[in-house]
S.K.: 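Handing you this structure, nothing more for now.
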2 protein chains.
Amino acid sequence: MKQPPLDDRKAYILATVVYEYVATAEPVASQTLTQKYNLGVSSATVRNEMAELEAGGYLVQPHTSAGRVPSDAGYRTYVDELMQPESLTPADRRRIRDDLHEASRELDDLIDQTTRLLGRLSKSLAFVTKPQSGTQTFKHVQLISIAPRTGVAIVVTSYGVSAQSLFELNRDASAEELTRLSSALNARCASRLMSEVLESDVAAVVAELGLGDDLRGAVVGALQSARASEVPEIAAAGAQNLLDQPEFADVRKLRSILRIVEEQRTLYDIVADAMESDSASVKIGHELGNEELADLSVVTVPYRFGPSAIGMLSILGPRRMPYARLLALASGTADSLSRRLADAEIR
Amino acid sequence: MKQPPLDDRKAYILATVVYEYVATAEPVASQTLTQKYNLGVSSATVRNEMAELEAGGYLVQPHTSAGRVPSDAGYRTYVDELMQPESLTPADRRRIRDDLHEASRELDDLIDQTTRLLGRLSKSLAFVTKPQSGTQTFKHVQLISIAPRTGVAIVVTSYGVSAQSLFELNRDASAEELTRLSSALNARCASRLMSEVLESDVAAVVAELGLGDDLRGAVVGALQSARASEVPEIAAAGAQNLLDQPEFADVRKLRSILRIVEEQRTLYDIVADAMESDSASVKIGHELGNEELADLSVVTVPYRFGPSAIGMLSILGPRRMPYARLLALASGTADSLSRRLADAEIR
DNA sequence: TTTGGCACTCCTGGCTCTGGAGTGCTAATA
DNA sequence: TATTAGCACTCCAGAGCCAGGAGTGCCAAA
């Protein structure tokens, strides 16, 4: 498993094997390469090179007399060093623009629609984490009485309306009372980061106005649901696209995936460190850290609100995926989403 | 395909075949019946009876020398006339109560959680339509200014907060102005059915107060998203459960299903007439009216808000499903959901 | 009307065999 | 030394075949 730097010809052969395997899903034979790509050498030479690439850990042979298939390390080298970055096709670019342009302004709906779009374009399973609270700022809270002893607290953040929560009171609260509380809270907390709007702020204001514990609870509840939870919600779409891939001819493969999508925790673990690094990331096979997902890969790209990443947009597919194309697709979609969010920002 | 009424023994045999096939997924042989169920007759007699049941269209034979399997008509007769209704097991009852008790009070979340619960309990694919507007009444609208020229309109209905919509204005609107408009709308429309709150009402109030077209648009937008659309949203969960069933060993089966779940239209068509009839309904195989779903069945049960059905709760599984158990499960869950909604009602 | 008996059908799984694809190695060549 | 033609070898995929067994249908007897 020594991995010396590859000379040009080996690099080209590795890249070609990946390319061909991605396209055909069949182990790649030396002869296929010499026929389809003009290497200028015979298939015997290619065989020698391939044997060395296998010794170096870049290729594997499903069985003795079969062609070669890239290993995790092979894909990794391809992604890091060999592949030609692609840019979006005009058709895709237009499609993204149009779809997101007419998308909802509500944050949740916007994320859902983006996820579905990405699923369709990538013909894979797409998933998108909903924004985390990092840069979300508090804009407004409003308490409304909607029935005797019943009210609703609405929290608006810079991303838009992000939570409402019903509450019940021990007694009727007058409209003025609620308005006074709302105004005082707004004055005290306006434009702070959501993470810095604390329960103690609420308690202070409520105490100052001489109001009851029930109102304090109502506001705190609404703030809590407005703050993203530790594991953000994740929207997913396009699972059925995976069924077209030959690697899922066996149903058991699929079961693990569907289960993982349904319990979002694992999905989140996969993208969490990409979120940290704040840049595009590709995880290949065993790099996903989950034996059940060992023949899958994930491409992850952050989307932004202003300067900082607030969520991730991912594509999950067979390890044999068109990495360059999917990276372009994810980046393009993330850019559009970021722009869309910036436009809709509440200042 | 004559279908004379079945004598007792034939009925018992048919019921047993269904029961056994549901349990084992293997064609049922005459000997299996005589061994496992004490029929008091020999397998030869059972064979004769089964041949007649086949002539009557209740059973089919996968091939000449195999056991029998129920036909659509066989299942239908079983469901309509032969099966023993079940009631919930105490364990399930407790599970439903506990899960829904700690569920969210927000309508959307509540439906999502109910769907997941039903998917887990039924070990099948569960889907639940979100409420349609039939009996939803208008409770409250509130316009809030949250930034210069930007506001949000919140609509609260009897089901709870059901829509918010951001709007922009040509000019700054004062808080009083917005409050006045909100109050006037509330006074005019309180407790009307959502379907009877019309754009003309909004226009009238806006005109009366001498306000601008932009405000009118804002309110109308919020009302529109609060009204359920023609095809309501449908929550689905548990697709991966289907993978455990032998009928999905072939991946192509699954593809159709996942596609149908993703585009909700077909799902809605399936339950739409059950919605009309306002009672539990079972659709078996071809009764679903879709060749791709011909070896599936669906159990559908309405849930209520007060006296009238506002949505449906369905379980989709292989035609070979435990009908009595799933009916009990769906009914029990629907009851709990209805009760939960009634408790949370905003009066 | 029921039932034991029996011939018959058809599926399933295992086995063998063959063709072909692809390799690795060796020896010749540039 | 790097390349290549040639060839033996390996292994898979698919076809064909066979045997076992499960289950039926029917007949004739009870």
Side-chain angles (χ1 to χ4, degrees), chain A residues 4 6-14 16-21 23-71 74 246-247 249-250, chain B residues 4 6-14 16-21 23-71 74 246-247 249-250:
Chain A
L6 300 175
D7 63 53
D8 284 359
R9 193 171 65 190
K10 280 203 183 58
Y12 184 63
I13 289 179
L14 173 54
T16 328
V17 169
V18 171
Y19 186 86
E20 187 68 16
Y21 185 58
T24 63
E26 298 288 334
V28 182
S30 53
Q31 230 188 116
T32 318
L33 292 189
T34 54
Q35 277 168 7
K36 286 204 181 176
Y37 306 85
N38 62 337
L39 294 168
V41 293
S42 77
S43 67
T45 310
V46 175
R47 273 204 293 286
N48 290 331
E49 294 284 55
M50 284 169 108
E52 290 185 42
L53 281 168
E54 183 168 1
Y58 299 100
L59 296 179
V60 291
Q61 236 176 337
H63 57 86
T64 344
S65 68
R68 255 62 172 219
V69 163
S71 66
E247 23 272 279
D250 180 2
Chain B
L6 300 175
D7 63 52
D8 283 359
R9 193 169 65 188
K10 280 204 183 56
Y12 185 61
I13 290 179
L14 174 55
T16 330
V17 169
V18 171
Y19 186 86
E20 186 68 16
Y21 185 59
T24 63
E26 299 288 333
V28 182
S30 54
Q31 229 189 118
T32 319
L33 292 189
T34 54
Q35 277 168 7
K36 285 202 181 177
Y37 306 86
N38 62 336
L39 294 168
V41 292
S42 78
S43 67
T45 310
V46 175
R47 273 204 293 286
N48 290 332
E49 293 284 55
M50 284 169 107
E52 290 186 42
L53 281 168
E54 183 168 2
Y58 298 100
L59 297 178
V60 290
Q61 235 176 340
H63 56 85
T64 343
S65 68
R68 257 56 172 223
V69 163
S71 66
E247 24 273 278
D250 180 1

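Every chain is numbered from 1, with letters handed out A, B, ... down the list of sequences.
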S.K.: Starting at atom CD of A/E49, determine the distance to atom C1' of D/dA2, rounded to an integer number of angstrom.
M.R.: 10 Å

S.K.: Just how far is it from atom CG of A/L14 to atom CZ of A/R68, taken to the nearest 0.5 Å?
M.R.: 12.5 Å

S.K.: Can you tell me the distance, in whole Å, between the CG atom of A/L33 and the C1' atom of D/dT3?
M.R.: 17 Å

S.K.: Where along residues 34-48 of chain A does a heavy atom come under 4.0 Å from DNA chain C, residue by residue in number order?
M.R.: A/R47

S.K.: Figure out the NE2/C1' separation between B/H63 and D/dT24, and round it to whole Å.
M.R.: 11 Å

S.K.: Working to the nearest 0.5 Å, report the span between OG of A/S30 and CD of A/E49.
M.R.: 12.0 Å

S.K.: Show the nearest heavy-atom pair for residues B/G67 and B/P62, with the distance to one decimal.
M.R.: O-CD, 3.3 Å

S.K.: Hey, is the main chain of A/G57 close enough, under 3.5 Å, to the side chain of A/S71 for a donor-acceptor pair?
M.R.: yes

S.K.: Would you mind reading off the distance between A/R9 atom CZ and D/dA2 atom C1', rounded to a whole angstrom?
M.R.: 8 Å

S.K.: Quick one: on DNA chain C, does A/A29 or B/T64 contact a more 5' nucleotide (nearest heavy atom)?
M.R.: B/T64

S.K.: Taking CD from B/Q31 and P from D/dG25, how many angstroms apart are they, rounded to a whole number?
M.R.: 14 Å

S.K.: Please round to the nearest 0.5 Å and tell me the distance separating atom CZ of B/R9 and atom OG1 of B/T45.
M.R.: 6.0 Å

S.K.: What are the two closest non-hydrogen atoms of A/E20 and A/Y37, and how far apart are they?
M.R.: OE1-OH, 2.5 Å

S.K.: To the nearest 0.5 Å, what is the distance between CE (B/M50) and CG (B/L33)?
M.R.: 5.0 Å

S.K.: For residues B/Y21 and B/P70, report the shortest heavy-atom separation together with the two atoms involved.
M.R.: CD2-CD, 3.6 Å

S.K.: Round to the nearest Å and state the distance from B/E26 atom CD to D/dA22 atom P.
M.R.: 12 Å

S.K.: If you walk 5' to 3' along DNA chain C, what is the first nucleotide with an atom under 4.0 Å of a heavy atom in chain B, and what is the last?
M.R.: C/dT2 to C/dC11

S.K.: Looking at B/S43, is its backbone amide N or carbonyl O close enough to the side chain of B/Q31 to form a donor-acceptor pair, meaning the two atoms are under 3.5 Å apart?
M.R.: no

S.K.: Can you find a donor-acceptor pair, distance only, under 3.5 Å between A/S65 side chain and D/dT10 base?
M.R.: yes

S.K.: Output the rounded distance in Å from CD (B/E54) to P (D/dC26).
M.R.: 11 Å

